[in-house]
Amino acid sequence: MSILRKSLAGISTAIALTAINPAQAENGISTRTPDALEQMVRQDCGSCHGLTFKGGLGSPLLPENLAAYSVEDLAQIILEGLPGTAMPPWRAIVTRDEATWMARYLKTGEPE
Ligand code: HEC
């Protein structure tokens with residue numbers, strides 16, 4: 001791999017993950033407040049799923065679209081991603097509790 005290619009990959013990762021600190025997920029302790037999580041869902045997930053979750057590159061994530069999934073199912077999708085699609089796994093950067101919070105947020109359309 002050329003040095004240019006490597007550094008470009010590094011730059012795009014850095015851009016994608018600006019609001020996220022991987023160290024927080026590694027120790028399993030969430031230091032994010034609900035406000036920070038809400039902002040992350042709106043910005044990081046919204047960049048693919050639409051800022052109002054009505055869909056974009058990713059499918060719509062409004063409560064009516066997610067009715068068939070349990071909170072646990074959704075948390076699992078968030079942590080593992082959907083292999084073979086553009087939906088990335090988030091387990092390296094969010095904890096299970098944070099994924100569960102996000103799942104509940106999306107299912108109810110508002111923070112708990
Ligand atoms: C890089 C783009 C991208 C980002 C960022 C992204 N997603 Fe996705 N997501 C997708 C795509 C594309 C799909 C649809 C995959 C398919 O089934 O073809 C998807 C599917 C999903 C699904 C399944 C929806 C359904 O109806 O089956 C959920 C839930 C989901 N994403 C949640 C999230 C959450 C929460 C975040 C933020 C933590 C997020 N996504 C960030 C691209 C993205």
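Atoms within a ligand are numbered from 1 in the order they appear, just like the ligands themselves. Given the structure is predicted, the values throughout are model-derived calculations rather than measurements.
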Original post:
Would a 4.5 Å heavy-atom cut-off, applied to side chains only, mark H49 and M87 as touching?
Top reply: yes
Subject >> Heavy-atom nearest neighbour in the protein, as seen from atom 14 (C) of ligand 1, with distance rounded to 0.1 Å >> reply: S59 OG, 3.7 Å
Original post:
Hey, mind stepping through L51 and R42 against side-chain contact (heavy atoms from CB on, under 4.5 Å) and telling me if it holds?
Top reply: CA-CA 6 Å; L51 293 177; R42 296 215 155 266; over 6 Å; no
**OP:** Using a cut-off of strictly less than 2.8 Å, determine whether M87 has an N/O/S atom near atom 8 (Fe) of ligand 1.
**Re:** yes
Subject >> Pick from M40, H49, Q43: the one approaching atom 20 (C) of ligand 1 most closely through a non-hydrogen atom >> reply: H49
Original post:
Sequence neighbours excluded, which residues qualify as side chain to side chain donor-acceptor pair (under 3.5 Å) partners of D73?
Top reply: S70
**OP:** Provide, to 0.1 Å, the distance between atom 11 (C) of ligand 1 and the closest protein heavy atom, together with that atom's residue and name.
**Re:** G58 CA, 3.5 Å
Subject >> Value rounded to 0.5 Å, distance of CG in D44 from CD in Q39 >> reply: 9.0 Å
Original post:
Given the rule in the side-chain contact (heavy atoms from CB on, under 4.5 Å) test, do M102 and M40 qualify, once you have shown the distances and angles that lead to the verdict?
Top reply: CA-CA 9 Å; M102 288 176 177; M40 191 176 158; 3.8 Å; yes
**OP:** Answer yes or no for L106: is there a heavy-atom contact with ligand 1 below 4.0 Å?
**Re:** yes
Original post:
Nearest protein heavy-atom contact for atom 28 (C) of ligand 1: which residue, which atom, what distance?
Top reply: L61 CD2, 3.6 Å
Original post:
Would you say the side chain of K107 lies within less than 4.5 Å of the side chain of L74, judging by non-hydrogen atoms?
Top reply: yes
**OP:** With side-chain contact (heavy atoms from CB on, under 4.5 Å) as the test, would you mind laying out the steps for V94 and W101 before giving the verdict?
**Re:** CA-CA 10 Å; V94 303; W101 188 96; over 6 Å; no
Original post:
For atom 18 (O) of ligand 1, which protein heavy atom lies nearest, and how many Å away is it?
Top reply: T85 CG2, 3.7 Å
Original post:
Against heavy atoms of I78, which atoms of ligand 1 measure under 4.0 Å?
Top reply: 35 (C)
Original post:
Within a strict 4.5 Å, meaning less than it, do heavy atoms of the Y69 and Q76 side chains meet?
Top reply: no
Subject >> Heavy-atom nearest neighbour in the protein, as seen from atom 34 (C) of ligand 1, with distance rounded to 0.1 Å >> reply: C45 SG, 3.4 Å
Original post:
Which heavy-atom pair separates F53 from V41 by the least distance, and what is that distance?
Top reply: CZ-CG1, 3.6 Å
Subject >> Nearest-0.5 Å distance that lies between atom CD in E98 and atom CD1 in I78 >> reply: 11.0 Å
Original post:
Nearest protein heavy-atom contact for atom 2 (C) of ligand 1: which residue, which atom, what distance?
Top reply: C48 SG, 1.9 Å
Original post:
Heavy atom of D44 under 4.0 Å from ligand 1?
Top reply: yes
Original post:
Which of the numbered atoms in ligand 1 are below 4.0 angstrom from a heavy atom of L74?
Top reply: 29 (C)
**OP:** Check each of F53, Y69, W90 against atom 26 (O) of ligand 1 and report the one with the nearest heavy atom.
**Re:** Y69
Original post:
Which residue holds the protein heavy atom closest to atom 23 (C) of ligand 1, what is that atom called, and what is the gap in Å?
Top reply: L82 CD1, 4.0 Å
**OP:** Any atoms of ligand 1 less than 4.0 Å from a non-hydrogen atom of P88? List them with their elements.
**Re:** 3 (C), 4 (C), 6 (C), 7 (N), 43 (C)
